[in-house]
Amino acid sequence: MARPMRPSPRRLKKKKKKSPAASSVLSPAPEPVSPDPEPEPASTPSTPAVPSKKERKALKKQKAKEKQKDEMDDVDKALAELSLKYPDLKQQLASTSVPASSPATARSLASLLSVSLSHLDSEAELRKFFGSKVISAAKGSSSSGSSRQSAAQRSNLTRPKPTWWPAQLREGLSVRLLTEEEVEDNLRRHSRQPLHGEKIWTVEYSKKYRAVTFDFMRTVLSGDPEGFWQVLRILPYHADTLLQLSEVYHHREEHSTAADYVDRSLFTYERAFVGAFNFTNGANRLDFDHVENRPFYLALHRQVTDLQRRGCVRTAFEFARLLYALDPWTDPHGTLLHLDYLAIKAGMSQWLIDLWDLFQPDVEKESQDGKSIYTRRIVPNILPGIAYARALALFVREEGSGSKVPCVTFRAPALSDEAQIHEQSTQALEYAIRTFPSVVPLLADKADISLSGDIRGHPALRIQTDRSWLVSDSQSILHLLSHLYATRSASLWKPAARASWFAKAVSAVLPSLPTSSPAAPKTFAGRFDSPSLAYSIYRHVLVNEAACRSLLPFLPSAVRDARHLACDPLPPPTRGNEYDGEFFRGVEDMLAARPRSRRQEARLLERLVPDAAFRAQLVGFWDAQPVIQQRFPGGIVQFAQWAGQMGEEDLEDLFLALGAMADHMPPQQGEGGMPGGMPGGEIMVDFVDPEDLEDVEDAPHPPAVPRPAAAVNEDEGDEDEDGDEDEDEEEVAPLPVRFLRSVIGRFWGGGGNTANEESSDEEDHQLRDAGGVD
């Protein structure tokens, strides 16, 4: 037994090196170990002195904590000394960019704001109402042309039509993530704290897109709507121009055409949203302070209003949720003012309840101590429409359940079954009435709900029709929102059960209402007394001016009297840039025609019109029409791109006008007649002269564009430019020229043989027969 006991003394000596520290910290450790009645030599005394593996780890952690505590004490002492010398240091340290919201809240909000792609299809919703056969028949009768759809024209936001222009890459738009400096600058402008899990993006314009935007703004300021077609000839997918034309057709009450141009503008931006930017996940934001992003906001807002007009409320809700998710804290287009109605109408009541519950703890905390991470942000719970809509959403849910919903509070069991079922919704409605009594008389009038004279005459329920008797901007906005909710959501309160429930709740709350006109709640006034968030409400009214004209007296005179552009209604006071001289510095004038070599023009025309026979006919038509050559200094390619997108009726009016003008144009000396009886010559005239042709006054025609200052010799330097042509060659796609082919064949009936200019009359006659109507 002596040999096995030899290692023990050596292990004890090694452990004795750590015994001072172990004995000082682990002095009570030997007490739990009771000595065995049968002692074992040399093994029993060593057991209490050896710390276990867990104890050694605990020792290391305790030493590390003590060391860190000592270091923190030194830091705290240093900070305390510095705070005495520099009082502002503490405030600056408190305002550092540390996310103020919790990850759980961020995930819940992103889940509520995530967009369902399947519900962005208005045609799918219409099929549920009318059936697939009806929708397909209506679509087939209104559409024409080829039904092919390339991969570049696939979209989640729209349904690209065969009559649309071919999609060419991104059309000069790209998207990028804001840098840390830009994010901090954004937070500083809005006086906000950062939130967890948010990414802020912005769209950027290429030099060409910026130059076309400059020409667009010049056209807007000139007041000539025909200039918009000229801009689209350069860049067919220019979002600002498409939205401006949509507004023109909207005022003409051509709603179908207006909606088509809104779809094209959405399609324009969607092609730029590639890579990490995902507009459906609810966590990506688009900075409204950048002017490049504002056309997308405007397009979505107009899409929401048009879908409501068409009765597609579920699709309208989904587009509104997308618009709200892009910037829920400023809500620059007042999307919540649509969602309080659409959530109930589209059957998304639970979504509205969940959104309210997410923010309610922070709102209650702000009401008590005035502190909240959402102080400088719009939250749904402070709006009167959302408060009433939430009560109605609870009522709808309770009706569907048919049983009592669990409540936080408890009432006496003497209530009727109906009162017990609707207890939670009644509490929510009474809260809404106490907080926003200004909605009560307006909603009762719009929904035909009968209220007693005592209720009608209560001072807290006085109706305001303008801001003249209101002392603050927040009060004006409160009454404006009361009118807006009552007008839009009155139909939701008209059913007898809901009307009766509303009247009972008003009678129950009446004794607790103030005896004078109440002021706006603090959580409401603290936000809308500042212009940054107030402009969101004003902008909503201006975009929906036709439906909200009666609400304009609630707007400040500075907003009403200011000059507004339909392409950028009421720019935000916190804007980082806008369409001004600084934005357009260094861009070139894209409307000035760029001379091409003959070889470049031939290559582009071959790609635009692959059919060789019709291409020869088109060249012959171009050579025979000096009037058109004057109007299109960009050459036959510019004319083909423009005419290829016109409808058949518009082309017929154009050629009728050309034929009529040919009668007023004397033939030029030394030049023979052209096919179709139209003389040659270099005479600058318009397509349509209103004085000469009153019957074709509405024919589409672009305004005249001046020729380049110096004429270009097309034959000169063709061989030298071969190396540069491939680099500068434009991206073009084949044109839908079916209408153009048909109209040229009917009205002109001739063609040109570009390969041999001295062809015989017989060859020319054969070519003319081959290039007729298909």
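For reference, positions follow the sequence shown, starting with 1.
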### Task
Decide side-chain contact (heavy atoms from CB on, under 4.5 Å) for Val363 and Ser372; before the verdict, give the C-alpha distance in whole Å, the side-chain angles of both, and the deciding distance to 0.1 Å.
CA-CA 7 Å; Val363 173; Ser372 173; over 6 Å; no
Atom pair [atom1] ([X]) and [atom2] ([Y]), whose distance is rounded to the nearest 0.5 Å:
{"X": "Arg377", "Y": "Ser191", "atom1": "CZ", "atom2": "OG", "result": "10.5 Å"}
{"X": "Leu352", "Y": "Arg397", "atom1": "CG", "atom2": "CZ", "result": "11.0 Å"}
{"X": "Ser476", "Y": "Leu551", "atom1": "OG", "atom2": "CG", "result": "12.0 Å"}
{"X": "His479", "Y": "Leu470", "atom1": "NE2", "atom2": "CG", "result": "5.0 Å"}
{"X": "Leu480", "Y": "Tyr485", "atom1": "CG", "atom2": "OH", "result": "15.5 Å"}
{"X": "Leu478", "Y": "Gln464", "atom1": "CG", "atom2": "CD", "result": "10.5 Å"}

Please check if the side chain of [X] supplies one atom and the backbone of [Y] the other of a donor-acceptor pair under 3.5 Å.
{"X": "Ser489", "Y": "Ala486", "result": "no"}
{"X": "Glu125", "Y": "Thr315", "result": "yes"}
{"X": "Asn544", "Y": "His540", "result": "yes"}
{"X": "Ser507", "Y": "Ala503", "result": "yes"}

#### Entry: Qualifying ring pair (Phe, Tyr, Trp, His ring centres under 6.0 Å) pairs, either residue in residues 543-562, two or more places apart
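Passing the test, one end in residues 543-562: His483-Phe554.
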If you look only at pairs with a residue in [range], which of them pass as a salt bridge (Lys or Arg N to Asp or Glu O under 4.0 Å), with sequence neighbours excluded?
{"range": "residues 556-577", "answer": "Arg294-Asp568, Arg575-Glu578"}
{"range": "residues 457-479", "answer": "Arg467-Asp473"}
{"range": "residues 480-494", "answer": "none"}
{"range": "residues 536-548", "answer": "Glu545-Arg549"}

Check whether any side-chain heavy atom of [X] sits under 4.5 Å from a side-chain heavy atom of [Y], and report yes or no.
{"X": "Pro572", "Y": "Asp289", "answer": "yes"}
{"X": "Ile382", "Y": "Phe359", "answer": "no"}
{"X": "Tyr538", "Y": "Ile477", "answer": "yes"}
{"X": "Tyr579", "Y": "Leu565", "answer": "no"}
{"X": "Tyr374", "Y": "Leu195", "answer": "yes"}
{"X": "Val175", "Y": "Tyr269", "answer": "no"}
{"X": "Pro571", "Y": "Val291", "answer": "no"}
{"X": "Ile378", "Y": "Phe528", "answer": "yes"}

Applying salt bridge (charged side-chain N to carboxylate O under 4.0 Å, His left out), can you list everything that pairs with [X], at least two apart in sequence or on another chain?
{"X": "Arg390", "value": "none"}
{"X": "Arg434", "value": "none"}
{"X": "Arg192", "value": "none"}
{"X": "Arg376", "value": "none"}

Quick one about [Y] and [X] (side-chain donor to acceptor, distance below 3.5 Å, no hydrogens or angles considered), yes or no?
{"X": "Glu182", "Y": "Asn186", "result": "no"}
{"X": "Ser474", "Y": "Ser472", "result": "yes"}
{"X": "Thr202", "Y": "Asp287", "result": "no"}
{"X": "Trp469", "Y": "Gln475", "result": "no"}

### Message
Suppose the criterion is side chain to side chain donor-acceptor pair (under 3.5 Å): which pairs have a residue in residues 358-367, not counting sequence neighbours?
### Response
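Side chain to side chain donor-acceptor pair (under 3.5 Å) check on residues 358-367 returns Trp356-Gln360, Gln360-Glu364, Gln360-Asn381, Glu366-Arg527.
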### Task
Under the side-chain contact (heavy atoms from CB on, under 4.5 Å) rule, what do Leu177 and Ile200 come out as? Steps first, then yes or no, please.
CA-CA 6 Å; Leu177 194 65; Ile200 307 179; 5.8 Å; no
Heavy atoms only: give me the nearest [X]-[Y] pair and the separation to one decimal.
{"X": "Val115", "Y": "Glu318", "answer": "CA-OE2, 3.5 Å"}
{"X": "Leu243", "Y": "Arg302", "answer": "O-NH1, 2.9 Å"}
{"X": "Val509", "Y": "Ser512", "answer": "O-OG, 2.7 Å"}
{"X": "Phe395", "Y": "Ala497", "answer": "CZ-O, 4.3 Å"}
{"X": "Leu358", "Y": "Ser108", "answer": "CD1-CB, 3.8 Å"}
{"X": "Ala387", "Y": "Phe436", "answer": "CB-CE1, 3.9 Å"}

### Task
Evaluate side-chain hydrogen bond (donor to acceptor under 3.5 Å, both in side chains) for His333 paired with Asp327, printing each intermediate quantity in order.
CA-CA 9 Å; His333 276 265; Asp327 188 355; over 6 Å; no
### Query
Which one of Thr426, Val506, Ile449 satisfies the side chain to side chain contact (heavy atoms under 4.5 Å, CB included) criterion with Trp501?
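Looking at Thr426, Val506, Ile449, the match for Trp501 under the side chain to side chain contact (heavy atoms under 4.5 Å, CB included) is Thr426.
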### Query
Strictly under 6.0 Å, is that where the ring centroids of Phe288 and Tyr297 end up?
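Centroid distance Phe288-Tyr297: below 6.0 Å, so yes.
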### Message
Checking Ser532 against Ser530 for the side-chain hydrogen bond (donor to acceptor under 3.5 Å, both in side chains) test, could you report, in this order, the C-alpha distance in whole Å, the side-chain angles of both residues, the deciding distance, and whether it holds?
### Response
CA-CA 6 Å; Ser532 175; Ser530 64; 5.8 Å; no
#### Entry: Candidate pair Trp351 and Phe317, rule ring-ring contact (aromatic ring centres under 6.0 Å, His included), full reasoning
CA-CA 11 Å; Trp351 177 87; Phe317 170 84; 5.2 Å; yes
### Query
Taking only residues two or more places apart in sequence or in another chain, which ones pass side chain to side chain contact (heavy atoms under 4.5 Å, CB included) with Thr435?
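Scan of Thr435 (side chain to side chain contact (heavy atoms under 4.5 Å, CB included), adjacent residues dropped) gives Tyr431, Pro521.
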### Query
Can you list the steps and then say if Leu307 with Val313 is a side-chain contact (heavy atoms from CB on, under 4.5 Å)?
CA-CA 7 Å; Leu307 289 169; Val313 291; over 6 Å; no
Going by atom type alone, with no hydrogens or angles, which donor-acceptor pairs under 3.5 Å involve a side-chain atom of residues 335-349 and a protein atom two or more places apart or on another chain?
unit_1: Thr335; atom_1: OG1; unit_2: Asp331; atom_2: OD1; d: 3.0
unit_1: His338; atom_1: ND1; unit_2: Gln308; atom_2: NE2; d: 3.1
unit_1: His338; atom_1: NE2; unit_2: His301; atom_2: NE2; d: 3.1

### Task
Run the salt-bridge test on Arg285 and Glu198 with the 4.0 Å N-O cut-off and return the result as yes or no.
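Yes, Arg285 and Glu198 are salt-bridged.
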